[in-house]
Amino acid sequence: GYDLHKLMTGAFGTLGIIAEVTFRLHPLPKHSRTFTVSTGQAAQLAPLTAAITDSHLLLEAMQLRGDSHGFHLDIELNAHPDAKQSDILQKMIQAVGLNLTEAADEVWRARQMISQQPERLIIKATMLPDQITPYAQEVEEKDGECVVQSHGVMHAALPCHDEMSVRLAEEFRYHVGLGSGTTMLLSSSPQYDECERWAFIAEGETPATLPLMREIKHRFDPNRILNPGRFLGGI
């Protein structure tokens, strides 16, 4: 059957009311430092990202940010200063001809800031790690911006001010589908009809997907009192 935890978490309140939550806590890192590497082309960061992932660095988190100002690889290390992890990272960066700078913790709020942009298509896409840089480059070329976690989950904001910009978003969805990835439209501006008609079902999914989602909604909430219309398609 369904994984009810994930089903409820991703339902945005359309299937049930969460009355009690149990959290598993993890200790905060004691020696956390964040660094950023910036460049003009996402492809320049691809070999570096792979090298860091395959290294023995004590990596806490890594993300790629892309917008009209370029691309920025954020790296969070969690290691005691005596381990000289930052020195190792510095040598890796210099080996590919780039510069490393220390960054503030605010860079990790970038994904949240993407999701709060009004009058834009907010898209969540999943992809293989080696597809991150080409798709991030495509988003930037379509006048958008994105944040991608190192495991291949992207949040992107794309323009939706006219029919052409919506077609570019559909083109991006198509390319992600060709790479066996998935896309979901999280939100769009209600003032643009073209955005509301944007196909949010990822390329390759069967036409039965939307009716199935509606049936799940009916089973859990037959009277449609739980956040109706939260998803596109009137779910």
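Quantities reported herein were computed from a predicted structural model and do not represent experimental measurements.
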When hydrophobic residues are tied together by side-chain contacts of less than 4.5 Å, even through go-betweens, does [X] share a cluster with [Y]?
X      : Y      : answer
Met92  : Leu58  : no
Val96  : Leu57  : yes
Met113 : Leu121 : no
Leu98  : Ile88  : yes
Ile114 : Val153 : no

What is the minimum heavy-atom distance between [X] and [Y], and which atoms define it?
X      : Y      : answer
Ala136 : Leu64  : CB-CD2, 3.8 Å
Ser86  : Phe35  : CB-CZ, 3.7 Å
Ala110 : Val147 : CB-CG2, 3.6 Å
Cys146 : Val139 : CB-CG1, 4.0 Å
Ala157 : Ile122 : CB-CD1, 3.8 Å
Ser115 : His155 : OG-CD2, 4.0 Å

So does [Y] get a backbone contact from the side chain of [X], meaning a donor-acceptor N/O pair under 3.5 Å?
X      : Y      : result
Gln85  : Leu77  : no
Tyr135 : His175 : yes
Lys124 : Leu186 : no
Thr14  : Ala11  : yes

Close side-chain approach of [X] and [Y], heavy atoms under 4.5 Å:
X      : Y      : answer
Ile75  : Val37  : yes
Pro81  : His31  : yes
Phe71  : Gln44  : no
Pro29  : Glu76  : yes
Glu140 : Asp67  : no
Thr182 : Val176 : no
Val166 : Leu158 : no

For His151, what residues pass the ring pair (Phe, Tyr, Trp, His ring centres under 6.0 Å) criterion, not counting sequence neighbours?
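Scan of His151 (ring pair (Phe, Tyr, Trp, His ring centres under 6.0 Å), adjacent residues dropped) gives none.
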Going by ring pair (Phe, Tyr, Trp, His ring centres under 6.0 Å), name the residues that satisfy it together with Phe12, two or more places apart in sequence or in a different chain.
Phe231
Which residue pairs satisfy the salt bridge (Lys or Arg N to Asp or Glu O under 4.0 Å) criterion with at least one member in [range], sequence neighbours excluded?
range            : answer
residues 4-16    : none
residues 90-114  : Arg33-Glu102
residues 142-160 : Arg120-Glu145, Glu138-Lys142, Lys142-Glu171

Judged by modelled atom types alone, do Thr101 and Thr36 share a side-chain donor-acceptor pair under 3.5 Å?
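On atom types as modelled, these side chains do not qualify, holding no pair under 3.5 Å.
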Transitive ILVMFWY cluster of [X] at side-chain heavy atoms under 4.5 Å: who else is in it?
X      : result
Trp108 : Val107
Ile225 : Ile17, Leu226
Leu25  : Ile18, Val21, Phe23

More than 12 non-hydrogen atoms from neighbouring residues, nucleotides or ligands closer than 6.0 Å to NE2 on His80, yes or no?
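More than 12 heavy atoms, drawn from other residues, nucleotides or ligands, come within 6.0 Å of this atom.
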Contacts of Ser38 that satisfy side chain to side chain donor-acceptor pair (under 3.5 Å) - sequence neighbours left out:
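For Ser38, the residues satisfying side chain to side chain donor-acceptor pair (under 3.5 Å) (neighbours in sequence not counted) are His72.
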Residue list, salt bridge (charged side-chain N to carboxylate O under 4.0 Å, His left out) with Asp74, at least two apart or on another chain:
Arg65
Can you name the residues that form a side-chain contact (heavy atoms from CB on, under 4.5 Å) with Thr49, not counting sequence neighbours?
Leu45, Thr53, Met62, Leu73
Excluding sequence neighbours, so at least two apart, what forms side-chain contact (heavy atoms from CB on, under 4.5 Å) with Leu4?
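Leu4 satisfies side-chain contact (heavy atoms from CB on, under 4.5 Å) with Tyr2, Leu7, Phe220 only.
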What is the distance from atom [atom1] of [X] to atom [atom2] of [Y], rounded to the nearest 0.5 Å?
X      : Y      : atom1 : atom2 : value
Ser150 : Ile52  : OG    : CD1   : 10.0 Å
Ile216 : Arg219 : CD1   : CZ    : 9.5 Å
Gln149 : Thr126 : CD    : OG1   : 12.5 Å
Glu60  : Thr34  : CD    : OG1   : 9.5 Å
Met154 : Thr183 : CE    : OG1   : 11.0 Å
Leu48  : Thr39  : CG    : OG1   : 10.0 Å

Between Leu15 and Met8, is a side chain to side chain contact (heavy atoms under 4.5 Å, CB included) present by the stated rule, with each step listed?
CA-CA 7 Å; Leu15 299 181; Met8 289 297 174; 4.0 Å; yes
